[in-house]
Amino acid sequence: MVAGQARGDRVTRDSDRTLTDRHAGNWRGPELDALGWTDALHAAAQDVLHAATPDVQPDLLPARVAGVGRGTFRLWTAQGEEGALLAGSMRQDPDSQPVMGDWVVAQRLPDSPDLRVTAVLPRLTTFARAVNGGLSRQVITANVDTVLIVTAPGEDFDLPRLGRYVAAVHASGAQPALLLNKTDLTRDPQPLLAQLGALAPGVPTYALNARSGAGLSDVRAALRPGLTAALIGSSGVGKSTLTNALLGRDAAQTGEVMPDGLGRHTTTARTLYRVPGGGLLVDNPGLRDIAVWDPEGVATGLDVIEEIAADCRYRKCTHTGEPGCAVLRAVQRGQISAAQLEAYHALKGAAVPARRSSRPPRR
Ligand SMILES: Nc1nc2c(ncn2[C@@H]2O[C@H](COP(=O)(O)OP(=O)(O)OP(=O)(O)O)[C@@H](O)[C@H]2O)c(=O)[nH]1
Ligand SMILES: [Zn+2]
């Protein structure tokens, strides 16, 4: 997965031409776009569709995983929310099973109230955690576009830790944003905001009082229609308060109870929400707790950069502009992304030298 990869353009009618009119309607439209459907997903879904036998094709539809239980799923389709189980072919391989945020192809069966998930579409971004004592990774959320890293004045304001969050988010392929909450607890939030801005140039920063709602409209504007956001940060920084403010309700109390009559999935908690005014918000406990994140994804990216760096002209190359830098050349060639390099610099503790001053140091 290429870090920082842009999502595909919104679905266009042109890309539907190979579908027969009979069921093309299932595969495009504003409702799917609002759930995060893209051209890239659409193309991948077409491959699945065309690999299916013609009698099955009309019963297939794209859906997004909005809740995961034990072998049960809650899916969002263009028609609304439905329960689902895995198709038999998918049950054997635990590694190929859908996670929160995944886009899947599902089949509607005439004799069942539940859809059957038949394929998971390629993930644009992934967040994983280490399991088995760090021996393997478990993907917990897919297709998050933006991660709001929440902090607050005081003890929680720890720049090196926040820098690691930024690096981890970049490594996942998502875009980070830094959010200073509880601005009411400091007389002047500006110096803190300036520090956040300097920590990660190019990463947007927001000032917020989630309790009063001051600054909320700026955060809201960052959640664009069709884009999926997630909140991370320490316990107590105000993630729940912000979530409730964004959703305009108490999500924890109203979001997770499935109405009766939808099969056996009453215990499948939904943790993907549509934000009024546009955008989606993932809120699952595993994702919230950055401490469980697997740093391996970042480490893997670092290894690649370190390998490439062996070809730099200077042995002590910092990969920030030296002539003959193999790493910067690799970025130019698209071998690694600028975001990966940024994550590398952040993890190495080197401030990313975005704009080096040519002025001599003052004394
Ligand atoms: N003064 C002040 N308090 C806030 C603000 N936002 C949230 N709080 C309070 O901070 C406390 C913790 O907020 P939560 O929203 O539960 O924090 P959280 O990040 O969801 O915590 P976990 O659920 O443990 O991860 C609550 O008492 C909130 O009312 C704010 O902007 N200013
Ligand atoms: Zn170099």
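In listed order, ligands and their atoms are each counted from 1. The model shown is predicted, which means the values in this text are computed figures rather than measured ones.
For the Zn ion (ligand 2), the set of protein N/O/S atoms nearer than 2.8 Å consists of Cys312 SG, Cys317 SG, His319 ND1, Cys325 SG, ordered by chain and number.
Using modelled atom types, one side-chain atom of Asn181 and one backbone atom of Ala210 make a donor-acceptor pair closer than 3.5 Å. With hydrogens and angles disregarded, no donor-acceptor distance shorter than 3.5 Å links the side chain of Arg274 to the backbone of Leu35. A donor-acceptor pair is defined here as one N or O able to donate and one able to accept, closer than 3.5 Å; no such pair exists between the side chain of Lys182 and the backbone of Gly238. In this structure, Thr126 contributes its side chain and Val139 its backbone to no donor-acceptor pair below 3.5 Å. Looking only at distances, no side-chain donor or acceptor of Glu81 sits under 3.5 Å from a matching main-chain atom of Arg74.
Taking all heavy atoms of Ala245, Gly213, Ser240 into account, the minimum distance to atom 20 (O) of ligand 1 is reached by Ser240.
Of the heavy atoms in Asn209, both backbone and side-chain atoms come closer than 4.0 Å to ligand 1. Only the side chain of Leu185 comes within contact range of ligand 1, with a heavy atom under 4.0 Å; no backbone atom does.
Note on ring orientation: taking the six-membered ring where Trp is involved, the planes of Trp37 and His42 are perpendicular (angle over 60°, cut-offs 30° and 60°).
For Glu82 and Arg108, the salt-bridge test passes: some basic side-chain N is under 4.0 Å from an acidic carboxylate O. Salt bridge status for Arg315 with Glu322: absent, with no side-chain N to carboxylate O gap under 4.0 Å. Between Arg211 and Asp184 there is no salt bridge, since no side-chain nitrogen of the basic residue lies less than 4.0 Å from a carboxylate oxygen of the acidic one.
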Evaluation steps, side-chain contact (heavy atoms from CB on, under 4.5 Å), between Gln190 and Leu193: CA-CA 5 Å; Gln190 283 312 320; Leu193 284 169; 3.9 Å; yes
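When each atom of ligand 1 is checked for a heavy atom of Val237 under 4.0 Å away, the hits are 17 (O), 19 (O). Residue-ligand proximity, Ser234 to ligand 1, at heavy-atom distances under 4.0 Å covers atoms 19 (O). Each of the atoms 15 (O), 17 (O), 18 (P), 19 (O), 20 (O), 25 (O) of ligand 1 lies under 4.0 Å from some heavy atom of Lys239. Ligand-side atoms of ligand 1 in range of Thr241: 7 (C), 13 (O), 14 (P), 15 (O), 28 (C), range being under 4.0 angstrom from any heavy atom.
Checked by distance only, ligand 1 and Leu242 stay at 3.5 Å or farther apart across all their nitrogen or oxygen atoms. Ligand 1 has an N or O atom lying under 3.5 Å from an N or O atom of Gly236, backbone or side chain.
Checked by atom type, the side-chain pair Thr183/Asn209 shows no donor-acceptor distance below 3.5 Å.
Under the 4.0 angstrom criterion for non-hydrogen atoms, Ala152 is not in contact with ligand 1.
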